[in-house]
Amino acid sequence: MNSDIQSIIASMTLEEKAALCTGASAWSSTPVEHLGVPEMIVADGPHGVRRAADVGTMIEASLPATCFPTASCSASTWDVALIHQMGEALAEECIALNVDVVLGPGVNMKRSPLGGRNFEYFSEDPYLAGELAVSFINGVQSKGVGTSLKHYAANNQEFRRMTISAELDERTLREIYLPAFETAIKKAKPWTVMCAYNKVNGSYCAENHKLLTEILKEEWGFEGLVVSDWGAVHDRVSSLQAGLDLEMPGPKPRHTKAVVEAVRSGELDESVLNEAVRRILGIVFKAAETSKGGKFDTAAHHALARRVAAEGMVLLKNDGLLPLKNPQRIAVIGRAAQTAYFQGGGSSHINPTLIDSPFKELQKLAGNAELNYAEGYSASGESNQALVEQAVQSARSADVALLYICLPESKESEGYDRPDIDLTPQQVALIKAVTAVQPKTVVILNNGAPLAVGDWIDGAAAVLEAWMMGQAGGGAIADVLYGRVNPSGKLAETFPLRLADTPAHLNFPGENGQVRYGEGLFVGYRYYDARQIPVQFPFGYGLSYTTFAYGNPKVSTTRFKDVDGVTVSVEVTNTGSVAGKEIVQVYVHDQKSGLVRPQKELKGFSKVELQPGETKTVSIKLDFRAFAFYHPKYKQWITEDGEFDILIAASSADIRCTQTVTLQSTLELPSLLDRESTLRDWLEDERGHHVFGPLFQQINAQMQAIFGGGEGGEGMGMEVSGFLMDMPLLEVLEFQGNTLPAAPEEMVAGLLAQVHDKGQ
Ligand code: BGC
């Protein structure tokens with residue numbers, strides 16, 4: 001194929017090459033018929049295939065497809081095998097619907113719970129998002145259908161989403177906002193990557209050479225094509241130069257013409273265009289290898305969507321009411337029981353093949369119980385006392401009340417951020433009124449992102465986070481309520497107590513065209529840990545109908561080389577009376593580091609299924625990166641010798657066992673000493689210490705004599721070594737005056753030469 005591609009490129013006219021690099025329509029690439037280059041059709045995802053009936057138009061009803069749960073729900077499964085299966089099902093639908101590439105998954109970090117597209121993204125943690133993306137991509141691509149990993153990069157809000165500049169430092173970019181992309185690229189090789197609308201540090205992602213070429217293609221070895229987000233290209237020539245291969249949507253005759261002219265005038269090297277063409281052709285031909293057409297199994301996919309939904313739901317509170325024990329009179333309250341709220345607004349909006357009614361699905365499992373429906377709250381969000389009173393009546397005369405609460409659409413969607421993280425006042429009033437008369441109340445929540453729960457939770461016997469649960473979510477809720485499925489989902493994002501407690505609160509959504517990522521590395525639990533801020537429900541939290549004990553933790557070795565990594569294992573026992581699944585999480589805490597680090601970071605997890613009384617050993621391998629951090633001065637991920645605690649946990653706030661290990665770094669790093677380095681820097685640097693140690697003794701003695709003073713009152717009353725340590729060596733030498741054998745500048749230059757020579 002490669003030589004074919006080369007010969008096709010050689011046969012293409014400049015105009016044809018330029019045209020290929022921009023779409024032919026809303027959802028298709030440009031074919032070159034006489035050379036046998038077919039069109040490639042793409043469709044939105046990530047949690048379903050939104051295939052426009054006519055690929056030529058942007059706004060068009062899409063063909064029916066399975067609407068799986070959105071990413072906040074699927075992420076809460078922490079189940080990589082299940083996500084893989086969902087990916088396979090998505091690919092089968094793509095094949096049936098004649099789609100070559102599905103536009104997803106989205107792996108941006110949930111920087112603020114206000115982000116309008118948080119429902120489409122996996123997590124606040126880069127490790128978890130990366131691993132889930134790998135399964136998703138592998139699942140889809142195992143069937144010969146492509147994916148588009150999006151939105152690269154730092155796409156974390158909707159406010160001014162097409163122009164805002166995310167201002168962040170290199171380390172934060174590398175450790176928080178890029179790793180999910182990096183992991184997915186390296187481990188799963190997505191066919192395409194979609195660049196984001198926004199700017200990063202002043203440069204549009206679509207025209208960002210550092211992001212698209214230096215990091216993505218050169219450093220991470222990405223071999224696929226980079227596609228623009230729809231309408232993200234501003235300057236076609238500079239976007240090509242930056243590494244953006246395919247512009248979508250098209251056609252854009254002005255852009256194509258600009259490319260042709262730029263090549264003719266010498267402004268754009270034709271080899272740059274050829275490289276984009278080569279990448280596009282590679283994917284177009286790969287896509288063509290999978291023949292399309294046929295049907296997908298709607299019933300099987302609906303059933304799979306139900307499983308994903310049930311596995312992703314998170315039981316937030318349960319005082320023993322759940323699972324339901326065959327209550328005979330059930331008050332079913334809330335419009336979301338009749339009209340399922342199961343997906344978010346925007347480009348990921350799916351035309352479902354079927355929609356489960358939560359009420360009807362409940363009825364199927366409720367046997368002979370009498371179900372009484374009350375609307376509870378209005379769709380508009382306006383308060384309606386009559387609805388509350390009707391619900392209270394119904395709840396009072398029932399054995400249990402099930403409150404189905406969904407956020408109004410105005411509160412979360414692509415295109416705008418959330419105004420707050422609260423339920424509507426009428427919903428809060430409804431919950432309080434119902435729980436006041438019926439203590440046996442379950443609150444079922446449908447929303448795509450965290451809520452500030454508020455004091456209404458005190459009155460509820462149980463709370464189930466059911467998310468945007470996909471088209472089969474109504475049945476999944478019933479499965480969980482009746483214990484047909486033992487809930488095992490855990491939160492992939494923190495539920496704070498208040499919006500004001502959240503990491504980005506003072507820097508969201510920015511102003512004057514910029515949003516400053518002032519919290520740096522401290523996103524999600526990393527922030528709450530560091531600031532010791534209590535939260536409503538921590539990252540990694542979720543209840544089950546059974547209980548799990550952790551025991552006998554072990555590490556494969558207590559001293560290891562960074563490149564070898566270490567394996568940690570723990571025995572998990574189901575100590576309850578029903579089968580269940582536990583998500584074991586492994587966090588790493590660096591006891592001492594050269595740069596500030598979060599208190600702990602997720603570096604491994606595993607979901608394990610256990611029968612009552614059963615014990616299984618869970619083993620998790622921790623590699624180099626589990627211990628490393630990105631050092632902006634070395635411009636690479638580094639490890640440092642020292643001790644690390646490996647925390648084996650049931651949630652980020654529930655550490656069950658700790659193992660301490662000693663890491664030996666194998667890196668030979670150059671010294672960072674320079675003219676501004678302080679005495680402390682010199683002494684802490686291995687080579688610096690070696691060459692500077694003898695001189696230090698001398699300086700110290702002299703400085704003690706000059707400044708140390710003493711009982712008699714001479715001197716300046718300072719603790720000399722403390723004062724000296726943070727002075728640049730150069731300045732300290734200046735104080736030595738004539739006692740030095742050479743001028744201070746020369747001496748420092750000489751020492752630096754010795755240090756750096758040694759490092760070469
Ligand atoms: C969204 C993308 C989407 C594209 C095509 C854009 O507005 O940001 O996520 O894939 O439209 O619908």
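The shown structure was predicted, so the numbers you read here are calculated from the model rather than taken from an experiment. Only this structure's heavy atoms are used, side chains among them; waters, hydrogens and symmetry mates stay out. One-based numbering, in listed order, for ligands and for the atoms of each.
Taking the six-membered ring for Trp and the full ring otherwise, the centers of F539 and W78 sit less than 6.0 Å from each other.
Among the atoms of Y197, some N or O lies under 3.5 angstrom from an N or O of ligand 1. At under 3.5 Å, a nitrogen or oxygen of E414, whether backbone or side chain, sits near a nitrogen or oxygen of ligand 1.
Environment of CD in E409: sparse, with no more than 12 heavy atoms of neighbouring residues, nucleotides or ligands closer than 6.0 Å.
Looking at R161 against ligand 1, only its side chain comes within 4.0 Å, counting heavy atoms. The proximity of R117 to ligand 1, defined as any non-hydrogen pair under 4.0 Å, is limited to the side chain. Residue R50 touches ligand 1 through its side chain alone, judged by heavy-atom distances below 4.0 Å.
Across the listed options D229, V102, V42, D229 owns the non-hydrogen atom lying nearest to atom 11 (O) of ligand 1.
Using a 3.5 Å distance cut-off with no hydrogens or angles, the side chains of E247 and S239 do not pair a donor with an acceptor. Side-chain contact annotation: S228 with R236, donor-acceptor N/O pair under 3.5 Å absent.
Residue contact check: K150 has heavy atoms under 4.0 Å from atoms 2 (C), 3 (C), 9 (O), 10 (O) of ligand 1. For ligand 1 and W27, the ligand atoms under 4.0 Å from any heavy atom of the residue are 5 (C), 12 (O). For ligand 1, the atoms sitting less than 4.0 Å from at least one non-hydrogen atom of S347 are 1 (C), 2 (C), 3 (C), 9 (O), 12 (O), numbered in the order shown with element in parentheses. Taking every heavy atom of M194 and a limit of under 4.0 angstrom, the matching atoms of ligand 1 come to 10 (O).
Counting only heavy atoms of the protein, atom 3 (C) of ligand 1 lies nearest to D44 OD1, 3.3 Å.
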Legend entry - Full working for salt bridge (charged side-chain N to carboxylate O under 4.0 Å, His left out) between R161 and D229: CA-CA 11 Å; R161 70 171 177 147; D229 198 344; 5.1 Å; no

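Distances from ligand 1 to the non-hydrogen atoms of H151 include at least one value under 4.0 Å.
Here the CZ-CG distance, from F495 to L451, works out to 5.5 Å after rounding to the nearest 0.5 Å.
A salt bridge links D100 with K292; the closest basic N to acidic carboxylate O contact falls under 4.0 Å. No salt bridge links E207 with K199; every basic N to acidic carboxylate O contact stays at or beyond 4.0 Å.
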